[in-house]
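The structure under discussion appears below in the form of structure tokens.
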Amino acid sequence: MSPVRVRFAPSPTGMLHVGGARTALFNWLFARHNGGTFILRVEDTDNERNTPEANEAIFSGLTWLGLDWDEGPNRGGSRGPYRQSERSAIYESYLNKLKDAGLVYDDAGATRFRSPNTTRAIPDLICGETVFAGREEPDMTVRRADGSFIFHFVNVVDDIEMGVTHVIRGEDHLPNTPRHLDLYEAFGVTPPHFAHIPLILNPSGTKMSKRDEGASVAEYKNAGYHPQGVLNYLALLGWSPKEDREIFPTQELVSRFTLEGVNRGNAKFDLEKCAWISGQYFHVMEPAALREVVLPFLAASGLTSTEADLPDALLLELRTKIRTLSEAVPLLTALLRDDFPVDAAATAKLRAQSDPKPLLDALASAFQEVGTWQGSELDAAIGKAAEGLGTKKGALMFPCRVALTGQAGGFGLTMVLEQLGRERSLERLTRFS
RNA sequence: GACCCGUUCGUCUAGCGGUUAGGACACCGCCCUUUCACGGCAGUAACACGGGUUCGAUUCCCGUACGGGUCGCCA
């Protein structure tokens with residue numbers, strides 16, 4: 001079998017769509033698994049969409065996910081250029097082939113292809129043999145009156161020119177395939193293998209659109225999802241390693257990916273599970289690595305901080321509490337800023353229980369007696385305060401937490417106390433009223 | 001409307017003729033923790049329907065219903 005060559009051919013719409021990202025992922029996995037070549041080709045024949053920002057959205061999205069391309073924009077390759085807007089000469093020559101064969105005609109300035117409309121059987125690697133009986137569709141336009149070329153035409157020409165062996169694309173292209181086959185036949189070229197993958201649906205069951213939550217890869221990047229986690233989630237959406245396990249690091253996805261494992265049915269997108277998988281990756285992240293990714297996140301939220309503010313012990317606890325980096329911000333804000341925000345619901349709940357003042361005073365005086373400001377001693381001090389009040393230790397912890405952080409949840413209480421230090425802890429306890 | 005693809009817990013899925021229909025997210029309960037989580041354990045919850053084929057269908061075939069997609073001088 002000839003070496004595998006696959007491509008991801010997005011149109012610059014201004015964002016990298018999750019559906020597109022998964023198509024890219026499956027192509028990438030297939031290429032990497034088979035030691036083949038992954039090509040990125042930008043389908044920018046529609047000039048209105050072709051902006052530098054729109055191109056950049058594709059590149060940065062793929063790069064964030066770790067999907068590197070062997071040939072394509074910013075990378076080169078022997079079958080370029082890889083932007084359709086730069087391939088007009090190639091399209092001209094292919095169009096001439098059709099003209100010479102008398103297979104096209106002029107229609108109000110546009111060029112149409114005489115579609116044979118014969119019955120076409122597509123030996124799809126995922127859907128199985130799919131037969132489209134002879135159709136009665138209008139001849140397809142291959143070139144607009146303004147001289148630009150149409151998707152179906154350039155898509156086929158590029159796949160031929162770039163030596164694509166397997167076309168792995170969304171199932172929405174399946175009904176287009178007979179027309180593509182018409183073109184391959186007209187050019188006298190053996191078509192590539194086709195593999196149409198099922199679609200990603202939004203939670204309400206229709207094709208995921210730009211406006212749906214989680215539709216753009218940039219959203220995940222901005223919210224601080226773990227890129228490998230998102231990749232892992234996307235891989236499991238429509239493909240199964242057939243094992244009762246959810247976490248598959250990228251390298252393992254590569255070694256296990258096959259087209260046979262791709263499902264036929266569409267899959268609904270579940271942001272909750274995506275977040276859970278992302279969290280699984282953070283849960284095992286080394287402190288140094290976590291520090292590196294969380295610091296810029298804090299800075300972006302206007303939280304000036306340094307490495308010294310994030311000791312390993314704190315990060316080791318932080319990693320179990322977040323699914324995305326944005327979840328780390330409020331947690332850390334409470335420790336790093338003295339003008340931290342206060343959750344109204346938490347204070348309301350606190351006051352509904354009993355007057356917190358005497359409890360906090362008791363805690364403050366117990367903490368004052370602490371010798372070394374460290375876990376076990378702090379813990380003992382809370383016990384002592386509880387004893388003095390004739391109450392349970394647990395009864396003091398929620399009030400203490402709210403006074404110290406303004407939140408109902410967050411880090412373990414002794415961690416909060418340790419990080420805040422004696423002075424700031426006492427200050428917050430006495431200031432609370 | 002025509003043509004294609006599809007249909008296992010709410011969701012993602014395992015299953016490829018005989019299973020107590022398994023796992024995961026979410027949800028609920030318990031344990032751990034005198035806090036918040038993490039973690040561990042248990043639970044609720046699914047084969048769309050009707051015909052066949054077969055000793056036996058979630059698994060194979062045909063219908064029906066439902067869902068999705070495509071029918072552009074968008075990609």
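All figures in this text were calculated on a predicted structure; none of them were measured in a lab. Chain identifiers are assigned alphabetically (A, B, ...) following the order of the sequence lines, protein sequences preceding nucleic acid strands; residue numbering begins at 1 within each chain.
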Residues passing the salt bridge (Lys or Arg N to Asp or Glu O under 4.0 Å) test with E56(A), sequence neighbours excluded, are none

Winner on side-chain proximity to N263(A), out of C5(B), U13(B), G39(B), is U13(B)

Using purine N1 to pyrimidine N3 plus N6-O4 or O6-N4 for Watson-Crick, or N1-O2 and O6-N3 for G-U wobble, each under 3.5 Å, what pairs with [N]?
N      : value
C16(B) : none
G1(B)  : C71(B)
G6(B)  : C66(B)
U58(B) : none

When the distance from [atom1] of [X] to [atom2] of [N] is rounded to whole Å, what number comes out?
X       : N      : atom1 : atom2 : value
F269(A) : A26(B) : CZ    : C1'   : 15 Å
N202(A) : C12(B) : CG    : C1'   : 15 Å
R264(A) : C12(B) : CZ    : P     : 13 Å

Sequence neighbours excluded, the answer for side-chain hydrogen bond (donor to acceptor under 3.5 Å, both in side chains) partners of Q374(A) is S376(A)

Those residues at least two apart in sequence (or on a different chain) that pass side-chain hydrogen bond (donor to acceptor under 3.5 Å, both in side chains) with E317(A) are none

Using only side-chain N and O atoms of K273(A), determine if any of them is under 4.0 Å from OP1 or OP2 of A24(B).
no

RNA chain B nearest-nucleotide lookup for F151(A) and I126(A): closer to the 5′ end is I126(A)

Taken to the nearest 0.5 Å, the spacing of R431(A) CZ from D338(A) CG works out to 6.5 Å

Check your understanding: With the threshold set at 4.0 Å, does a side-chain nitrogen-carboxylate oxygen contact exist between R83(A) and E43(A)?
Key -> no

Lys/Arg N to Asp/Glu carboxylate O, R114(A) vs D139(A), below 4.0 Å
no

Assess whether one donor atom and one acceptor atom, taken from the side chain of K242(A) and the base of A14(B), lie less than 3.5 Å apart. no

Protein heavy-atom contacts under 4.0 Å, written 5' to 3' over nucleotides 61-73 of chain B as B (base), S (sugar-phosphate only) or - (none), form the string -------SSS--B

Show me the protein contacts with nucleotides 30-37 of chain B, counting only N or O atoms at under 3.5 Å.
from, atom 1, to, atom 2, distance (Å)
U34(B), O2', G394(A), N, 3.1
U35(B), O2, R401(A), NH2, 2.2
U35(B), O2, L413(A), N, 3.2
U35(B), N3, L413(A), N, 3.3
C36(B), O4', R401(A), NH2, 3.2
C36(B), O2', G410(A), N, 3.2
C36(B), O2, K321(A), NZ, 2.3
C36(B), O2, G410(A), O, 2.9
A37(B), O2', T320(A), O, 3.4

Contacts of A110(A) meeting side-chain contact (heavy atoms from CB on, under 4.5 Å) (sequence neighbours excluded), chain-then-number -> T141(A)

Handout entry: No-hydrogen, no-angle side-chain donor-acceptor test under 3.5 Å, D44(A) and S85(A)
Key = yes

The residue among D159(A), D158(A), N27(A) that forms side chain to side chain donor-acceptor pair (under 3.5 Å) with R7(A) is D159(A)

